[in-house]
2 protein chains.
Amino acid sequence: MFIGEYQYKVDEKGRLPLPPKFRRELKEGVVLAKGMGEKCIAVYTIREWRRVSDKLAEKALTGANLRRLTRAIHGSAFSASFDGQGRIKLPDTLRVYAGISDTAIVVGANARVELWSQQGWKAEQTVAEEQASQIIETLGA
Amino acid sequence: MFIGEYQYKVDEKGRLPLPPKFRRELKEGVVLAKGMGEKCIAVYTIREWRRVSDKLAEKALTGANLRRLTRAIHGSAFSASFDGQGRIKLPDTLRVYAGISDTAIVVGANARVELWSQQGWKAEQTVAEEQASQIIETLGA
DNA sequence: AGGATTGTGGGGAAAAGTGGGGAAAAAGGG
DNA sequence: CCCTTTTTCCCCACTTTTCCCCACAATCCT
(Lines give C-alpha, C1' and ligand atoms only; values in the text may rest on other atoms or scores of the structure.)
Protein backbone atom coordinates (compact mmCIF):
# COMPACT_ATOMS: atom_id res chain seq x y z
CA MET A 1 0.00 0.00 0.00
CA PHE A 2 1.37 3.38 -0.99
CA ILE A 3 0.76 6.33 1.29
CA GLY A 4 2.32 9.73 1.77
CA GLU A 5 3.23 12.82 -0.16
CA TYR A 6 6.78 13.61 -1.21
CA GLN A 7 8.53 16.30 -3.22
CA TYR A 8 11.48 15.62 -5.49
CA LYS A 9 13.46 17.38 -8.16
CA VAL A 10 13.42 16.17 -11.71
CA ASP A 11 17.00 16.57 -12.90
CA GLU A 12 18.08 17.77 -16.32
CA LYS A 13 18.08 14.25 -17.64
CA GLY A 14 14.45 13.76 -16.74
CA ARG A 15 15.13 11.44 -13.83
CA LEU A 16 12.87 11.34 -10.80
CA PRO A 17 13.59 9.55 -7.50
CA LEU A 18 10.76 7.67 -5.83
CA PRO A 19 10.50 7.46 -2.04
CA PRO A 20 12.56 4.66 -0.47
CA LYS A 21 9.39 3.42 1.20
CA PHE A 22 7.91 2.73 -2.22
CA ARG A 23 10.90 1.11 -3.81
CA ARG A 24 10.65 -2.36 -2.42
CA GLU A 25 7.12 -2.74 -3.70
CA LEU A 26 8.07 -1.29 -7.08
CA LYS A 27 11.49 -2.73 -7.65
CA GLU A 28 10.28 -5.34 -10.16
CA GLY A 29 9.56 -2.46 -12.48
CA VAL A 30 6.75 0.00 -13.07
CA VAL A 31 4.37 1.10 -15.78
CA LEU A 32 3.84 4.80 -16.29
CA ALA A 33 0.64 6.04 -17.90
CA LYS A 34 -1.56 9.06 -18.09
CA GLY A 35 -3.70 9.51 -15.04
CA MET A 36 -7.28 8.65 -15.89
CA GLY A 37 -9.10 11.91 -16.05
CA GLU A 38 -6.53 13.83 -14.05
CA LYS A 39 -3.50 15.68 -15.31
CA CYS A 40 -1.00 13.48 -13.57
CA ILE A 41 1.22 10.52 -14.29
CA ALA A 42 0.04 7.21 -12.83
CA VAL A 43 2.68 4.74 -11.68
CA TYR A 44 1.57 1.13 -11.45
CA THR A 45 3.22 -2.05 -10.31
CA ILE A 46 3.27 -4.64 -13.06
CA ARG A 47 0.53 -6.54 -11.28
CA GLU A 48 -1.68 -3.52 -10.81
CA TRP A 49 -1.18 -2.46 -14.41
CA ARG A 50 -2.38 -5.82 -15.56
CA ARG A 51 -5.46 -5.53 -13.37
CA VAL A 52 -6.30 -2.09 -14.71
CA SER A 53 -5.56 -3.12 -18.24
CA ASP A 54 -7.75 -6.22 -18.03
CA LYS A 55 -10.61 -4.29 -16.57
CA LEU A 56 -10.44 -1.80 -19.37
CA ALA A 57 -10.29 -4.51 -21.99
CA GLU A 58 -13.43 -6.18 -20.67
CA LYS A 59 -15.48 -3.09 -20.99
CA ALA A 60 -13.92 -1.83 -24.16
CA LEU A 61 -15.64 -4.56 -26.15
CA THR A 62 -18.90 -2.71 -25.94
CA GLY A 63 -18.30 0.99 -25.86
CA ALA A 64 -16.63 3.18 -28.43
CA ASN A 65 -15.81 5.71 -25.74
CA LEU A 66 -13.99 3.15 -23.69
CA ARG A 67 -12.07 1.93 -26.70
CA ARG A 68 -10.89 5.45 -27.20
CA LEU A 69 -9.86 5.70 -23.56
CA THR A 70 -8.11 2.36 -23.73
CA ARG A 71 -6.21 3.48 -26.77
CA ALA A 72 -5.18 6.69 -25.03
CA ILE A 73 -4.06 4.90 -21.90
CA HIS A 74 -2.16 2.15 -23.63
CA GLY A 75 -0.67 4.47 -26.19
CA SER A 76 0.74 6.69 -23.51
CA ALA A 77 1.96 3.89 -21.28
CA PHE A 78 5.60 3.28 -20.74
CA SER A 79 7.49 0.73 -18.74
CA ALA A 80 10.41 1.90 -16.65
CA SER A 81 12.87 0.61 -14.08
CA PHE A 82 15.13 2.01 -11.44
CA ASP A 83 18.72 3.09 -11.66
CA GLY A 84 21.16 2.54 -8.82
CA GLN A 85 19.90 5.64 -7.00
CA GLY A 86 16.25 4.64 -7.04
CA ARG A 87 15.27 6.94 -9.90
CA ILE A 88 13.16 6.39 -13.00
CA LYS A 89 13.28 8.22 -16.30
CA LEU A 90 10.11 10.12 -17.11
CA PRO A 91 9.17 10.10 -20.81
CA ASP A 92 8.86 13.62 -22.19
CA THR A 93 5.33 13.10 -23.46
CA LEU A 94 4.03 12.21 -20.01
CA ARG A 95 5.96 15.01 -18.37
CA VAL A 96 4.38 17.52 -20.66
CA TYR A 97 0.96 15.98 -20.13
CA ALA A 98 1.23 16.35 -16.35
CA GLY A 99 2.86 19.76 -16.59
CA ILE A 100 5.88 18.65 -14.60
CA SER A 101 8.95 20.76 -15.16
CA ASP A 102 11.68 20.57 -12.55
CA THR A 103 9.79 19.56 -9.43
CA ALA A 104 7.34 16.71 -8.96
CA ILE A 105 5.00 15.75 -6.14
CA VAL A 106 4.90 12.00 -5.57
CA VAL A 107 1.63 10.85 -4.02
CA GLY A 108 0.80 7.44 -2.63
CA ALA A 109 -2.75 6.44 -3.63
CA ASN A 110 -3.19 2.96 -2.18
CA ALA A 111 -2.53 0.54 -5.06
CA ARG A 112 -0.85 3.07 -7.31
CA VAL A 113 1.43 6.08 -7.15
CA GLU A 114 0.73 9.39 -8.83
CA LEU A 115 3.07 12.12 -10.03
CA TRP A 116 1.89 15.72 -10.07
CA SER A 117 3.22 19.16 -10.81
CA GLN A 118 3.20 21.46 -7.80
CA GLN A 119 0.38 23.58 -9.19
CA GLY A 120 -1.65 20.60 -10.28
CA TRP A 121 -1.39 18.95 -6.90
CA LYS A 122 -2.33 22.07 -5.04
CA ALA A 123 -5.41 22.52 -7.20
CA GLU A 124 -6.38 18.89 -6.77
CA GLN A 125 -6.06 19.14 -3.01
CA THR A 126 -8.34 22.12 -2.89
CA VAL A 127 -11.07 20.33 -4.78
CA ALA A 128 -10.58 17.07 -2.93
CA GLU A 129 -10.81 18.60 0.52
CA GLU A 130 -14.30 19.86 0.02
CA GLN A 131 -15.47 16.58 -1.31
CA ALA A 132 -13.64 14.49 1.24
CA SER A 133 -15.17 16.07 4.30
CA GLN A 134 -18.63 15.28 2.99
CA ILE A 135 -17.92 11.66 2.28
CA ILE A 136 -16.03 11.14 5.49
CA GLU A 137 -19.11 12.04 7.47
CA THR A 138 -20.78 8.97 6.05
CA LEU A 139 -18.00 6.66 7.13
CA GLY A 140 -19.17 6.77 10.71
CA ALA A 141 -16.95 6.06 13.68
CA MET B 1 -8.42 2.78 24.26
CA PHE B 2 -6.71 6.15 24.40
CA ILE B 3 -7.75 8.78 26.91
CA GLY B 4 -6.20 11.87 28.40
CA GLU B 5 -4.57 15.08 27.28
CA TYR B 6 -0.84 15.71 27.26
CA GLN B 7 1.51 18.47 26.19
CA TYR B 8 4.92 17.86 24.63
CA LYS B 9 7.60 19.79 22.86
CA VAL B 10 8.40 19.13 19.25
CA ASP B 11 12.18 19.35 19.05
CA GLU B 12 14.17 20.91 16.25
CA LYS B 13 14.30 17.65 14.40
CA GLY B 14 10.53 17.40 14.28
CA ARG B 15 10.29 14.62 16.86
CA LEU B 16 7.34 14.30 19.19
CA PRO B 17 7.10 11.96 22.21
CA LEU B 18 3.84 10.15 22.79
CA PRO B 19 2.60 9.42 26.33
CA PRO B 20 4.07 6.24 27.84
CA LYS B 21 0.54 5.05 28.47
CA PHE B 22 -0.09 5.02 24.73
CA ARG B 23 3.13 3.39 23.66
CA ARG B 24 2.38 -0.22 24.29
CA GLU B 25 -0.72 -0.09 22.15
CA LEU B 26 1.11 1.81 19.41
CA LYS B 27 4.50 0.19 19.45
CA GLU B 28 3.89 -1.88 16.31
CA GLY B 29 3.88 1.39 14.41
CA VAL B 30 1.41 4.11 13.62
CA VAL B 31 -0.15 5.82 10.65
CA LEU B 32 -0.40 9.57 10.73
CA ALA B 33 -3.05 11.33 8.66
CA LYS B 34 -4.92 14.56 8.44
CA GLY B 35 -7.67 14.77 10.98
CA MET B 36 -10.90 14.28 9.12
CA GLY B 37 -12.41 17.69 8.93
CA GLU B 38 -10.40 19.11 11.81
CA LYS B 39 -7.04 20.82 11.64
CA CYS B 40 -5.20 18.19 13.57
CA ILE B 41 -3.07 15.13 12.94
CA ALA B 42 -4.77 11.79 13.51
CA VAL B 43 -2.66 8.91 14.82
CA TYR B 44 -3.96 5.43 14.08
CA THR B 45 -2.78 1.99 15.00
CA ILE B 46 -2.05 -0.10 11.93
CA ARG B 47 -5.22 -2.06 12.59
CA GLU B 48 -7.38 1.00 12.97
CA TRP B 49 -5.94 2.54 9.82
CA ARG B 50 -6.82 -0.55 7.89
CA ARG B 51 -10.33 -0.37 9.22
CA VAL B 52 -10.70 3.20 8.00
CA SER B 53 -9.13 2.36 4.68
CA ASP B 54 -11.37 -0.66 4.17
CA LYS B 55 -14.44 1.33 5.01
CA LEU B 56 -13.50 3.59 2.18
CA ALA B 57 -13.34 0.74 -0.26
CA GLU B 58 -16.76 -0.46 0.83
CA LYS B 59 -18.25 2.81 -0.21
CA ALA B 60 -18.01 1.57 -3.76
CA LEU B 61 -17.69 5.01 -5.14
CA THR B 62 -17.09 5.18 -8.81
CA GLY B 63 -14.66 6.86 -11.10
CA ALA B 64 -13.42 10.30 -10.33
CA ASN B 65 -14.92 10.50 -6.85
CA LEU B 66 -13.25 7.36 -5.69
CA ARG B 67 -9.90 8.31 -7.15
CA ARG B 68 -10.09 11.72 -5.61
CA LEU B 69 -10.94 10.45 -2.16
CA THR B 70 -8.35 7.70 -2.27
CA ARG B 71 -5.78 10.25 -3.24
CA ALA B 72 -6.77 12.65 -0.50
CA ILE B 73 -6.81 10.06 2.26
CA HIS B 74 -3.76 8.03 1.33
CA GLY B 75 -1.76 10.95 0.07
CA SER B 76 -1.94 12.75 3.37
CA ALA B 77 -1.09 9.68 5.39
CA PHE B 78 2.31 8.65 6.63
CA SER B 79 3.58 5.61 8.45
CA ALA B 80 5.91 6.16 11.38
CA SER B 81 7.55 4.24 14.18
CA PHE B 82 9.13 5.01 17.50
CA ASP B 83 12.73 5.76 18.34
CA GLY B 84 14.32 4.51 21.54
CA GLN B 85 12.83 7.39 23.52
CA GLY B 86 9.25 6.81 22.41
CA ARG B 87 9.19 9.60 19.86
CA ILE B 88 7.91 9.73 16.31
CA LYS B 89 8.94 12.02 13.49
CA LEU B 90 6.20 14.32 12.26
CA PRO B 91 6.23 14.93 8.49
CA ASP B 92 6.46 18.61 7.63
CA THR B 93 3.33 18.59 5.49
CA LEU B 94 1.19 17.36 8.36
CA ARG B 95 2.79 19.70 10.86
CA VAL B 96 1.98 22.64 8.67
CA TYR B 97 -1.55 21.38 8.14
CA ALA B 98 -2.19 21.18 11.88
CA GLY B 99 -0.35 24.41 12.60
CA ILE B 100 2.00 22.71 15.05
CA SER B 101 5.25 24.56 15.59
CA ASP B 102 7.19 23.75 18.75
CA THR B 103 4.50 22.47 21.09
CA ALA B 104 1.85 19.85 20.50
CA ILE B 105 -1.18 18.72 22.47
CA VAL B 106 -1.63 14.96 22.41
CA VAL B 107 -5.21 13.91 22.92
CA GLY B 108 -6.55 10.41 23.44
CA ALA B 109 -9.70 9.96 21.37
CA ASN B 110 -10.82 6.41 21.99
CA ALA B 111 -9.58 4.33 19.04
CA ARG B 112 -7.19 6.98 17.79
CA VAL B 113 -4.92 9.71 19.07
CA GLU B 114 -5.01 13.30 17.88
CA LEU B 115 -2.26 15.90 17.74
CA TRP B 116 -3.17 19.57 17.98
CA SER B 117 -1.48 22.92 18.14
CA GLN B 118 -2.13 24.79 21.36
CA GLN B 119 -4.37 27.32 19.67
CA GLY B 120 -6.20 24.73 17.63
CA TRP B 121 -6.93 22.61 20.67
CA LYS B 122 -8.15 25.56 22.66
CA ALA B 123 -10.50 26.59 19.90
CA GLU B 124 -11.75 23.05 19.49
CA GLN B 125 -12.48 22.79 23.18
CA THR B 126 -14.46 25.99 23.16
CA VAL B 127 -16.63 24.79 20.32
CA ALA B 128 -16.96 21.35 21.84
CA GLU B 129 -18.19 22.68 25.16
CA GLU B 130 -20.97 24.63 23.55
CA GLN B 131 -22.12 21.68 21.55
CA ALA B 132 -21.70 19.16 24.31
CA SER B 133 -24.65 20.26 26.38
CA GLN B 134 -26.92 20.04 23.38
CA ILE B 135 -25.72 16.64 22.32
CA ILE B 136 -25.91 15.22 25.78
CA GLU B 137 -29.61 16.06 25.84
CA THR B 138 -30.16 13.90 22.81
CA LEU B 139 -28.49 10.91 24.37
CA GLY B 140 -31.36 10.38 26.74
CA ALA B 141 -30.97 8.83 30.14
C1' DA C 1 15.34 8.84 49.99
C1' DG C 2 16.57 6.17 46.15
C1' DG C 3 15.87 3.85 41.91
C1' DA C 4 13.49 3.76 37.79
C1' DT C 5 11.09 6.09 34.27
C1' DT C 6 10.44 9.98 31.33
C1' DG C 7 11.16 14.55 28.89
C1' DT C 8 14.55 16.81 26.18
C1' DG C 9 18.73 17.50 23.65
C1' DG C 10 22.64 16.32 20.67
C1' DG C 11 26.52 13.61 18.17
C1' DG C 12 27.69 10.52 14.65
C1' DA C 13 27.01 6.80 11.41
C1' DA C 14 24.19 5.50 7.72
C1' DA C 15 21.05 6.49 4.11
C1' DA C 16 18.98 9.40 0.79
C1' DG C 17 18.84 13.56 -2.54
C1' DT C 18 21.16 15.55 -6.26
C1' DG C 19 24.38 16.13 -9.95
C1' DG C 20 27.65 14.75 -13.54
C1' DG C 21 31.12 11.79 -16.49
C1' DG C 22 31.71 8.32 -19.68
C1' DA C 23 30.70 3.84 -21.95
C1' DA C 24 27.28 1.55 -24.57
C1' DA C 25 23.47 1.75 -27.55
C1' DA C 26 20.54 3.95 -30.80
C1' DA C 27 19.55 7.08 -34.44
C1' DG C 28 20.62 9.48 -38.62
C1' DG C 29 23.07 10.80 -42.85
C1' DG C 30 26.19 10.07 -46.47
C1' DC D 1 26.76 -0.28 -44.94
C1' DC D 2 29.62 2.42 -42.15
C1' DC D 3 30.76 6.33 -39.71
C1' DT D 4 29.20 10.27 -36.97
C1' DT D 5 26.14 12.29 -33.72
C1' DT D 6 22.93 11.90 -30.21
C1' DT D 7 20.70 9.61 -26.58
C1' DT D 8 20.47 6.34 -22.93
C1' DC D 9 22.02 4.26 -18.95
C1' DC D 10 25.24 2.75 -15.55
C1' DC D 11 28.45 4.24 -12.26
C1' DC D 12 30.72 7.47 -9.20
C1' DA D 13 30.84 11.58 -6.08
C1' DC D 14 29.26 15.13 -3.05
C1' DT D 15 25.91 17.18 0.20
C1' DT D 16 22.06 16.96 3.03
C1' DT D 17 18.95 14.56 5.76
C1' DT D 18 17.55 10.86 8.60
C1' DC D 19 17.81 7.83 12.24
C1' DC D 20 19.92 5.34 15.88
C1' DC D 21 22.32 5.76 20.01
C1' DC D 22 23.95 8.05 24.15
C1' DA D 23 23.48 11.57 27.83
C1' DC D 24 21.57 14.42 31.44
C1' DA D 25 18.05 16.56 34.17
C1' DA D 26 13.52 16.30 36.05
C1' DT D 27 9.79 13.54 37.71
C1' DC D 28 7.33 9.68 39.47
C1' DC D 29 6.71 5.71 42.33
C1' DT D 30 7.72 2.83 46.06
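Quick note: numbers below take in every heavy atom, side chains included, and nothing from hydrogens, waters or symmetry partners. Letters A, B, ... are given to chains in the order of the sequence lines, protein chains preceding strands, and every chain is numbered from 1.
Considering only side-chain atoms of A:K89, the nucleotide from C:dT18, C:dT8, D:dT8 that sits closest is D:dT8. Distances from the side chain of A:K13 to the nucleotides C:dT18, D:dC9, D:dC20 place D:dC9 closest.
A:F22 has its CZ atom 15 Å from the C1' atom of C:dA16, to the nearest Å. For the pair A:Y8 OH and C:dA16 P, the computed distance is 9 Å after rounding to whole Å. For B:L90 and C:dT8, the CG to P distance is 13 Å, given to the nearest whole Å. Rounded to an integer number of Å, the gap from CG of A:L16 to C1' of C:dA16 is 14 Å. With rounding to whole Å, A:L18 atom CG is found 13 Å from C:dA16 atom P. One can place OH of A:Y6 at 23 Å from P of D:dT16, the figure rounded to the nearest angstrom.
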Would B:W116 and B:E38 satisfy side chain to side chain donor-acceptor pair (under 3.5 Å), going step by step from the backbone distance to the final call?
-> CA-CA 10 Å; B:W116 294 80; B:E38 290 88 20; over 6 Å; no

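Shown are A:Q119, A:Q118, A:Q125; of these, the side-chain contact (heavy atoms from CB on, under 4.5 Å) with A:W121 is made only by A:Q125.
Using a 4.0 Å heavy-atom cutoff across all strands shown, B:Q85 reaches at least one base atom of the nucleic acid.
B:R68 and A:E124 are joined by a salt bridge, as a carboxylate oxygen and a charged side-chain nitrogen come within less than 4.0 angstrom of each other. A salt bridge is defined here as a Lys NZ or Arg NE, NH1 or NH2 lying under 4.0 Å from an Asp or Glu carboxylate O, and A:D11 with A:R87 meets this definition.
Counting distance only, with no hydrogens placed and no angle test, the side-chain atoms of A:R15 and the base atoms of C:dG17 include no donor-acceptor pair under 3.5 Å.
Put simply, A:R23 has a side-chain N or O that comes within less than 4.0 Å of OP1 or OP2 on C:dG17.
Annotation: of the two residues near DNA chain C, B:K21 and B:D83, the 5′-most nearest-nucleotide partner is B:K21.
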